[in-house]
Amino acid sequence: LDFVDENELYCLIDGKWHKFNKSYIDFLKEEVDSIDFKEQEEVIDKTEQEFNKRKGKEGFINCDRLNETLYNKYKVEKVDLYKDKILYFVKFGTPQKMNYVVDQAINTVKLLQNNQSKIQINNEEKDVETICLWLIFNRKQKIRKLSELKSLIFHMKLADWKRLVQNARYKPLIYVSYKSNV
């Protein structure tokens with residue numbers, strides 16, 4: 001939850017209010033806007049599952065809802081789509097709802113980075129060079145920069161995601177699409 005008064009910016013994180021100064025906000029804006037960001041086609045699909053199925057027919061490997069069990073007790077959905085050495089993490093909605101997909105991508109990168117896991121699809125290990133968040137927004141107004149999204153927590157998550165992906169020696173990439181029926 002973000003709150004702005006005339007001079008201060010506050011954010012509720014894990015039940016505690018935090019106050020942020022302008023230099024931190026400027027830093028986040030620069031970090032978020034430095035992520036490679038590409039607008040993609042308008043989306044007619046009603047759900048993520050429909051979108052992933054359609055992409056599966058267009059040359060992507062659809063991994064949506066394929067869970068892997070780690071240590072015989074943790075179920076993990078590592079990726080939604082795969083194509084050409086790129087892992088795609090897909091989410092429909094608002095920036096607040098997109099936080100989940102950032103966490104999913106971070107978890108997968110950490111698993112790969114710690115050699116706890118490999119990306120195996122159809123019993124074949126896949127090479128990975130790029131980690132892509134494919135964000136599909138329910139909005140009419142298009143963004144020119146990621147910092148135009150009005151969620152401090154989302155900006156913080158994107159900055160953390162970018163740093164982690166780069167530290168793991170992958171390329172961070174964000175695709176943005178818009179729902180056509182909004």
Side-chain angles (χ1 to χ4, degrees), residues 1-43 45 47-48 51-52 76-81 85-114 116 128-182:
L1 178 65
D2 301 338
F3 172 76
V4 180
D5 76 5
E6 289 182 20
N7 300 314
E8 305 292 340
L9 180 62
Y10 299 89
C11 187
L12 185 63
I13 302 172
D14 295 329
K16 294 182 182 177
W17 285 100
H18 299 270
K19 180 172 140 181
F20 296 94
N21 64 27
K22 183 169 175 5
S23 64
Y24 179 69
I25 302 302
D26 291 343
F27 164 78
L28 280 179
K29 182 179 176 184
E30 285 178 31
E31 282 297 295
V32 167
D33 286 339
S34 71
I35 299 169
D36 191 10
F37 148 64
K38 296 179 171 49
E39 190 173 319
Q40 299 298 305
E41 83 273 7
E42 206 169 86
V43 173
D45 309 285
T47 66
E48 291 167 39
F51 176 81
N52 291 331
V76 176
E77 182 184 2
K78 288 189 192 171
V79 63
D80 293 312
L81 299 168
K85 299 182 181 181
I86 302 174
L87 296 180
Y88 294 91
F89 299 85
V90 177
K91 191 69 180 162
F92 280 39
T94 62
Q96 292 77 12
K97 291 185 177 184
M98 305 272 177
N99 292 330
Y100 170 79
V101 81
V102 178
D103 290 339
Q104 180 190 11
I106 286 172
N107 288 338
T108 296
V109 170
K110 285 180 178 178
L111 289 170
L112 291 171
Q113 190 176 24
N114 294 320
Q116 297 294 316
V128 177
E129 293 177 359
T130 303
I131 307 295
C132 180
L133 302 176
W134 199 328
L135 311 176
I136 301 161
F137 291 106
N138 298 326
R139 61 186 284 158
K140 289 183 181 184
Q141 186 177 4
K142 295 183 177 184
I143 59 171
R144 292 169 283 131
K145 301 184 291 185
L146 290 168
S147 64
E148 292 176 17
L149 299 168
K150 303 283 188 228
S151 172
L152 179 61
I153 293 174
F154 188 61
H155 289 176
M156 292 166 59
K157 283 190 172 286
L158 287 179
D160 288 344
W161 168 80
K162 174 191 166 201
R163 180 183 37 76
L164 180 77
V165 168
Q166 288 176 328
N167 287 345
R169 295 197 166 93
Y170 298 113
K171 178 183 180 219
L173 174 64
I174 294 181
Y175 281 0
V176 171
S177 293
Y178 301 91
K179 295 263 307 205
S180 62
N181 55 357
V182 175

Worksheet item: So do the side chains of Ile131 and Trp161 get within less than 4.5 Å of each other, counting heavy atoms only?
Response: yes
Worksheet item: Which residue pairs satisfy the side-chain hydrogen bond (donor to acceptor under 3.5 Å, both in side chains) criterion with at least one member in residues 30-40, sequence neighbours excluded?
Response: Glu31-Lys162, Asp33-Ser147, Ser34-Lys162, Asp36-Lys38, Asp36-Lys171, Glu39-Lys142
Worksheet, complete the sentence: To the nearest 0.5 Å, atom NZ of Lys157 lies from atom CG of Asp103 at 3.5 Å
Discussion item. Can you tell me how far apart CG (Asn52) and OH (Tyr88) are? Round to the nearest 0.5 Å.
Written reply: 12.0 Å
Practice prompt. First locate atom CD1 of Ile35, then atom CD of Gln166, and finally report the distance between them rounded to the nearest 0.5 Å.
Written response: 8.5 Å
Worksheet entry | For Glu148 against Arg144, the heavy-atom pair lying closest together | OE1-N, 3.2 Å
Fill in: Exam field: side chain Lys140 to backbone Tyr178, donor-acceptor pair closer than 3.5 Å
no
Worksheet item: Is any side-chain heavy atom of Met98 closer than 4.5 Å to a side-chain heavy atom of Leu133?
Response: no
Worksheet entry | Residues in ring pair (Phe, Tyr, Trp, His ring centres under 6.0 Å) contact with Tyr170, at least two apart in sequence or another chain | none
Fill in: Value rounded to 0.5 Å, distance of CZ in Phe92 from CD1 in Ile136
4.0 Å
Discussion item. So Ile174 and Leu158, do their side chains get closer than 4.5 Å, heavy atoms only?
Written reply: yes
Fill in: Cationic N near anionic O, under 4.0 Å, Asp160 to Arg163
yes
Discussion item. Is any side-chain heavy atom of Lys150 closer than 4.5 Å to one of Pro95?
Written reply: no
Item to complete: Output yes when a side-chain donor or acceptor of Asn99 lies under 3.5 Å from a complementary backbone atom of Gln96, and no otherwise.
Response: yes
Worksheet item: Under a 4.5 Å cut-off applied to non-hydrogen side-chain atoms, are Val102 and Phe89 in contact?
Response: no
Worksheet item: How about Gln141: does its CD atom have over 12 heavy atoms from other parts shown lying under 6.0 Å from it?
Response: no
Worksheet item: Is there a side-chain contact between Leu135 and Val101, using heavy atoms and a 4.5 Å cut-off?
Response: yes
Worksheet item: Should the ring pair Trp134 and Phe51 be called parallel, tilted or perpendicular, given that the plane angle runs from 0 to 90° and is split at 30 and 60?
Response: perpendicular
Item to complete: Compare all side-chain heavy atoms of Leu87 with those of Leu112 and state whether any distance is below 4.5 angstrom.
Response: yes
Practice prompt. Kindly compute the distance separating CG (Leu164) from OG1 (Thr108), expressed to the nearest 0.5 Å.
Written response: 10.5 Å
Worksheet item: Heavy-atom distance under 4.5 Å between the side chains of His155 and Ile25, does that happen here?
Response: no
Worksheet entry | Nearest-0.5 Å distance that lies between atom CD in Glu129 and atom CG in Leu173 | 12.5 Å
